[in-house]
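What follows is one structure encoded as C-alpha cells, with my remarks underneath.
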Amino acid sequence: MIEIIPVQTKKQIAQFIDLPHGLYAKDPNYVPELFLGQQDLLSPHKHPFYKHSSAQPFLAYKDGNIVGRILAIWNTNHNAFNKVSEGQFGFFESINDQTVANKLLDTAAEWVKSKGGTRVVGPVNLTTNDTCGLLVDGFDKPPMVMMPYNPRYYIDLIECAGYSKKVDLRAYLVTTETANQRSVLLLEKLEERLRRSGIVLRQINLKDFASEAKKIKAVYNKAWDKNLGFVPMTDEEFDYTAKELKMIVDPKYCIVAERGEEIVGFALGIPNINEILIHIKKGRLLPFGIFKLLFGLKKIKMIRVLMLGVLEGYRKLGIEACLYGRIIKNAIPSGIEGAECSWMLDDNYMMNHAIEQINAEFYKRYRLYEKAI
C-alpha cells in the first residue's frame with residue numbers, strides 16, 4: 001500500500017528534509033544538506049520565492065514507512081518571463097521502486113496541472129538559481145557545494161515514468177597540476193589590452209557589499225537572460241542569495257570587470273564547503289557541526305566557480321579569460337588544488353570551449369527532464 005500525502009506540519013517538514021540520510025546511509029559520496037538551509041527553502045514565511053510563486057512538498061509512505069518525497073513547484077515569474085505554462089518538480093528522492101516513483105511524479109504533475117500547467121520540468125530544487133539537474137554521469141566523486149547528487153537508479157525511475165531529456169548540464173574540473181597556465185601567463189597582457197579600452201579587473205569589496213551586490217545583480221539579470229529556464233531575480237531574492245553567499249565568499253575568488261562605475265562582467269567562486277559538510281551528521285550545525293564548519297574553512301582544497309557572466313556588448317574582448325585567469329592565479333598560492341566550473345549548458349559552445357582551453361576536464365553530467373501533462 002503506497003500513500004502520498006501533502007506535507008503540512010513542522011514534523012513532516014523535518015521528515016521531508018531528513019529522508020535522504022537513510023537512503024544514502026551506505027554511500028560514501030553523499031553530502032548532507034544543511035538542515036536550516038533546506039528548512040528556509042521550504043518555508044513560505046522565510047524564502048522570497050513564495051511572495052510570487054508557490055510549491056507543495058509531498059511524502060510517500062509504503063506500509064507505514066516513509067519511502068520517498070517530492071516538491072511540486074509553480075514559478076509564476078518563470079512562466080511569465082519565458083512565456084510558458086510549466087511547473088517543476090524537485091527534491092525528488094525515492095527507494096528503488098518504480099511504483100513509488102510513479103506515484104510521486106504523478107502527484108507532482110497533477111498539482112502542476114491544477115495550476116494550469118501543461119508541462120513538468122525537473123529536477124529543479126525550487127529554481128535554477130538553486131541546485132538543479134539529475135546526475136547521470138560522474139558518480140565516483142562527491143558533489144561540490146550547491147550541486148546535486150543522486151543514486152544511478154534515479155535515471156531509470158524518472159525515464160520509466162515517461163520523462164525525456166530536455167537538456168544536459170556540464171561540470172568541469174580543473175586542477176592546479178593540469179591547468180593550462182596560458183591564461184595566467186598572458187593575464188598581464190590581456191588586462192593591459194582591456195585597460196586601454198577602459199576596463200579594469202578587481203576583487204569585490206566586501207566592505208561595500210551592498211553597493212557591489214546591486215551592481216552585480218544588474219549584470220546577472222542581463223548576462224543570463226537567454227539561458228535555459230532563466231528568470232530575473234527579484235530584489236528580495238537576490239538580496240537573500242547574496243546574504244547567504246556572503247558568509248563564505250572569499251574576495252580572491254569574486255572578481256569583477258569594471259568600466260567606469262559600471263560592472264560589465266564578474267566571476268564568483270566559493271569554497272567547496274561540502275568537504276566539511278560530508279562530515280556533519282544529518283546537516284545539523286548544532287551542537288558541534290558549527291565548529292567543524294568554522295575550523296574546516298581554512299583546510300578546504302577546492303573551489304567552485306558557480307557564476308561567470310559578461311554583458312553582451314563586452315563579450316569576445318577577452319574578459320572571460322581574464323576572470324578565469326585571475327581566479328586561477330589567486331588560487332595557487334592559497335593552497336587550493338583545483339576548481340569545478342559548473343554548471344554549463346551542453347550547447348554553450350563558447351563558454352565550454354573557453355573552459356576546455358585551460359585543460360579543464362568535463363567530468364560530471366547532469367540532466368533536466370520534461371514531460372507533457
Side-chain angles (χ1 to χ4, degrees), residues 144-145 171-209 211-213 215-220 223-224 242 245-246 248-272 297-298 300-344 348 350-361:
M144 291 278 187
V145 58
Y172 286 89
L173 182 68
V174 57
T175 68
T176 53
E177 289 185 358
T178 61
N180 184 337
Q181 298 296 309
R182 183 171 178 269
S183 59
V184 178
L185 294 174
L186 294 179
L187 185 61
E188 189 174 325
K189 291 182 180 180
L190 287 171
E191 288 196 25
E192 177 57 35
R193 189 175 69 182
L194 290 177
R195 279 194 290 270
R196 289 198 295 269
S197 300
I199 300 169
V200 296
L201 268 66
R202 63 171 176 82
Q203 294 180 185
I204 190 174
N205 181 7
L206 288 181
K207 292 182 179 179
D208 191 22
F209 186 75
S211 176
E212 297 276 64
K215 293 178 182 178
I216 288 173
K217 182 184 71 174
V219 177
Y220 179 83
W224 276 267
L245 290 175
K246 186 182 179 182
I248 59 172
V249 162
D250 185 327
K252 296 193 297 293
Y253 312 124
C254 188
I255 311 297
V256 300
E258 200 169 45
R259 190 167 191 262
E261 294 295 314
E262 182 187 17
I263 291 178
V264 298
F266 77 99
L268 172 62
I270 59 174
N272 179 35
L297 286 174
K298 293 182 180 180
I300 288 176
K301 297 299 183 183
M302 302 292 289
I303 60 174
R304 178 185 166 217
V305 181
L306 73 162
M307 293 183 187
L308 191 150
V310 177
L311 293 178
E312 191 167 1
Y314 294 90
R315 293 168 190 170
K316 298 183 180 180
L317 297 177
I319 294 176
E320 295 90 344
C322 286
L323 290 171
Y324 275 124
R326 269 289 187 98
I327 290 177
I328 293 170
K329 185 176 181 180
N330 290 347
I332 292 172
S334 300
I336 296 295
E337 296 176 356
E340 177 180 286
C341 304
S342 60
W343 45 263
M344 320 297 291
N348 190 342
M350 183 181 297
M351 193 62 75
N352 293 337
H353 178 70
I355 294 173
E356 289 165 0
Q357 286 294 97
I358 60 171
N359 283 350
E361 174 194 359

My understanding is that only residues two or more places apart in sequence, or in another chain, count here; which of them pass ring-ring contact (aromatic ring centres under 6.0 Å, His included) with Tyr314? none
Answer yes or no: is there a donor N or O on one side and an acceptor on the other, between the side chain of [X] and the main chain of [Y], under 3.5 Å?
X	Y	value
Arg193	Leu317	yes
Asn352	Asn348	yes
Arg304	Val145	yes
Gln203	Ile255	no

Can you find a heavy atom in the side chain of [X] that is under 4.5 Å from one in the side chain of [Y]?
X	Y	answer
Arg326	Lys252	no
Val174	Asn359	no
Leu306	Met144	no
Leu323	Ile327	no
Val200	Leu194	no
Leu245	Leu268	yes

Taking all non-hydrogen atoms of both residues, which atom of [X] and which atom of [Y] are closest, and how far apart?
X	Y	value
Gly309	Val219	O-CG1, 4.1 Å
Glu320	Leu308	CG-CD2, 3.9 Å
Phe266	Tyr220	CE2-N, 4.2 Å
Tyr324	Cys341	CE2-SG, 3.9 Å
Ile303	Pro271	CG2-CA, 4.2 Å
Leu201	Glu191	CD2-OE2, 4.1 Å

Given the rule in the side-chain contact (heavy atoms from CB on, under 4.5 Å) test, do Arg196 and Glu192 qualify, once you have shown the distances and angles that lead to the verdict? CA-CA 6 Å; Arg196 289 198 295 269; Glu192 177 57 35; 3.5 Å; yes
Return the [atom1] to [atom2] distance between [X] and [Y], rounded to the nearest 0.5 Å.
X	Y	atom1	atom2	answer
Ser334	Lys301	OG	NZ	10.5 Å
Ile328	Ile336	CD1	CD1	12.5 Å
Ile300	Ile248	CD1	CD1	8.0 Å
Ile204	Lys215	CD1	NZ	10.5 Å
Met307	Ile270	CE	CD1	8.5 Å

Cut-off 3.5 Å, no hydrogens considered: what does the side-chain donor-acceptor table look like for residues 257-265, sequence neighbours left out?
unit_1, atom_1, unit_2, atom_2, d
Glu258, OE1, Arg202, NE, 3.0
Glu258, OE2, Arg202, NH2, 3.0
Arg259, NE, Ser197, O, 3.2

Take Cys322 and Ile319, measure what side-chain contact (heavy atoms from CB on, under 4.5 Å) needs, and give me the verdict at the end. CA-CA 5 Å; Cys322 286; Ile319 294 176; 5.7 Å; no
Could you walk me through whether Tyr172 and Glu340 pass the side-chain contact (heavy atoms from CB on, under 4.5 Å) test, one step at a time? CA-CA 5 Å; Tyr172 286 89; Glu340 177 180 286; over 6 Å; no
Audit row: Tyr253, Asn330, side-chain contact (heavy atoms from CB on, under 4.5 Å) steps and yes/no: CA-CA 7 Å; Tyr253 312 124; Asn330 290 347; 4.2 Å; yes
